[in-house]
Amino acid sequence: QVQLVESGGGLVQAGGSLRLSCAASRNTFTFKAIGWYRQAPGKQRDLVASISNTGSTNYADSVKGRFTISRDNAKNTVYLQMNSLKPEDTAIYYCNAKQYLGADYWGQGTQVTVSS
């Protein structure tokens, strides 16, 4: 079974930055894609950014130009660099790994809180 562990969340003022990490228990290049999702109170869980095995990236419109997803396969880690944070970015951020075969894996989430 694969484990995904998120870290890097915390409290930051608007305009600040955070870098989230998702550490996987196996090589990240073995996944079809790895993505970051977020869920704010009372809202559904939405895709924030993803990176495929080929390196293609995808971003939600709300974070384009502010967030950057990257990976370090040697460290089995995917990162989400979040700049120019807004209060609307406040949510629990989850790491997701899609397999070529089988169900997705999810981390337990890390809280990001952006104050005004």
Side-chain angles (χ1 to χ4, degrees):
Q1 188 177 47
V2 172
Q3 288 189 329
L4 303 175
V5 180
E6 302 99 331
S7 62
L11 175 64
V12 64
Q13 292 187 1
S17 299
L18 286 173
R19 189 194 194 198
L20 306 184
S21 298
C22 173
S25 60
R26 78 182 193 200
N27 291 336
T28 49
F29 66 80
T30 65
F31 296 108
K32 183 179 181 180
I34 298 178
W36 286 96
Y37 291 72
R38 68 185 181 188
Q39 187 168 25
K43 297 183 179 180
Q44 66 180 25
R45 187 176 298 185
D46 293 322
L47 175 68
V48 177
S50 65
I51 184 166
S52 74
N53 182 261
T54 62
S56 298
T57 57
N58 186 51
Y59 297 93
D61 288 340
S62 60
V63 306
K64 286 181 179 178
R66 300 189 297 121
F67 291 10
T68 303
I69 189 169
S70 62
R71 69 185 177 196
D72 186 338
N73 288 333
K75 297 181 179 179
N76 296 334
T77 302
V78 171
Y79 304 97
L80 184 67
Q81 179 66 47
M82 305 186 295
N83 299 325
S84 302
L85 283 163
K86 304 175 181 179
E88 306 91 88
D89 296 319
T90 296
I92 300 175
Y93 284 70
Y94 298 90
C95 184
N96 168 272
K98 296 185 181 297
Q99 300 190 95
Y100 288 98
L101 295 173
D104 291 2
Y105 290 96
W106 291 89
Q108 294 197 11
T110 184
Q111 177 71 48
V112 172
T113 302
V114 184
S115 63
S116 301

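Small disclaimer: the values here were computed from a predicted structure and weren't measured.
More than 12 non-hydrogen atoms from other residues, nucleotides or ligands lie less than 6.0 angstrom from CD of Q111. Within 6.0 Å of the CD atom in Q99, the count of heavy atoms belonging to other residues, nucleotides or ligands exceeds 12.
Summarising the geometry, atom CG belonging to N83 is positioned 11.0 Å from atom CZ belonging to R19; distances are rounded to the nearest 0.5 Å. The distance from the CD atom of Q81 to the OG atom of S21 is 9.5 Å, given to the nearest 0.5 Å. In this structure, CG on N53 lies 6.0 Å from CZ on R71, to the nearest 0.5 angstrom.
Although no hydrogens or angles enter the test, the distance criterion places no donor-acceptor pair under 3.5 Å between the side chain of Q3 and the main chain of S25. At least one donor-acceptor pair under 3.5 Å links the side chain of E6 to the backbone N or O of Q108.
Under the salt bridge (charged side-chain N to carboxylate O under 4.0 Å, His left out) criterion, the residue pairs touching residues 32-46 are R38-D89, with sequence neighbours excluded.
Annotation for L85: hydrophobic cluster partners, listed by chain and number, are V2, L4, V12, L18, L20, F31, I34, W36, V48, I51, Y59, V63, F67, I69, V78, L80, M82, Y93, Y105, V112, V114 (ILVMFWY side-chain heavy atoms under 4.5 Å, direct or chained).
A donor-acceptor contact closer than 3.5 angstrom is absent between the side chains of T28 and N76.
When all heavy atoms of P87 and A14 are compared, the pair lying nearest together is CD-CB, 4.1 Å. A49 and L47 get closest at one heavy-atom pair: O-CD1, 3.5 Å.
Under the 4.5 Å side-chain criterion, counting only non-hydrogen atoms from C-beta, Y94 is in contact with I92.
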